[in-house]
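Report on the structure given below.
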Amino acid sequence: QERLVESGGGLVQAGGSLRLSCAASGRTFRTHAMAWFRQAPGKAREFVVYVGWNGSMIDYADSVKGRFTISRDIAKNTLYLQMNRLKPEDTAVYYCAAGTGSRWSREYEYWGQGTLVTVSS
């Protein structure tokens, strides 16, 4: 059973930065694609970015391209999301997920509990 634990959320002013972390158990990074999704209040969960199991494929949602960067530390079994130039519309609960790798949440079988990011204007 894979276990994912997010951290790093918080309150930040528009234009600021945050780095989210997702600590994974086991061999998650060696066998699964990893992704970040987010869910704003009253809205459906939406894709943010994913990285393929071998790191060769990275796909960003247009809304975050050029501002967010996904990375991973295999030795630490940790996935990161560096978020720069944050906007109020980035406010959401951010989820880490492990799965087959796509923009579709149904392709991910393991999910973290989420971490809240609030961007004030």
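For clarity, every value in this text was computed on a predicted model and none was experimentally measured.
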When rounded to the nearest 0.5 angstrom, what distance separates [atom1] in [X] from [atom2] in [Y]?
X	Y	atom1	atom2	value
Leu81	Met34	CG	CE	11.5 Å
Thr91	Leu116	OG1	CG	8.0 Å
Tyr80	Cys96	OH	SG	11.5 Å
Asp59	Phe47	CG	CZ	4.5 Å
Gln13	Ser121	CD	OG	9.5 Å
Ser25	Asn77	OG	CG	7.5 Å

Under 3.5 Å, is there a donor-acceptor pair between the [X] and [Y] side chains?
X	Y	answer
Tyr94	Arg38	yes
Asp73	Thr78	no
Thr100	Glu107	yes

Note to self: Determine whether Trp111 and Phe37 satisfy the following criterion, ring pair (Phe, Tyr, Trp, His ring centres under 6.0 Å), listing intermediate values before the conclusion.
What the structure shows: CA-CA 10 Å; Trp111 292 83; Phe37 286 78; 5.2 Å; yes
Check: What do you reckon, are the aromatic ring centroids of Tyr50 and Tyr60 less than 6.0 Å apart?
Finding: no
Contact summary for [X] and [Y], nearest pair of heavy atoms:
X	Y	answer
Ser17	Asn84	OG-OD1, 2.9 Å
Ala14	Pro88	CB-CD, 4.0 Å
Ala24	Leu4	CB-CD2, 3.6 Å
Val5	Gln113	CA-OE1, 3.7 Å

Notebook entry, point to check: Is the shortest heavy-atom distance from the side chain of Phe68 to the side chain of Val49 under 4.5 Å?
Noted result: no
Check: In the single-linkage hydrophobic clustering (I, L, V, M, F, W, Y; side-chain heavy atoms under 4.5 Å), do Ile58 and Tyr108 co-cluster?
Finding: no
Margin query: Side-chain heavy atoms nearer than 4.5 Å, only ILVMFWY residues, links allowed to pass through others: does that put Ile70 and Leu20 together?
Written below: yes
Next item on the list: Could you give me the CA-CA distance, side-chain angles and deciding distance for Leu18 and Leu86, then say whether side-chain contact (heavy atoms from CB on, under 4.5 Å) is met?
Entry: CA-CA 8 Å; Leu18 278 177; Leu86 282 160; 4.2 Å; yes
Check: How far apart are the C-alpha atoms of Val117 and Met83, what are their side-chain angles, what is the distance that settles it, and do they pass the side-chain contact (heavy atoms from CB on, under 4.5 Å) test?
Finding: CA-CA 10 Å; Val117 172; Met83 305 186 295; 3.8 Å; yes
Next item on the list: Considering only NZ, NE, NH1 and NH2 on the basic side and carboxylate oxygens on the acidic side, decide whether Lys65 and Asp62 come within less than 4.0 Å.
Entry: yes
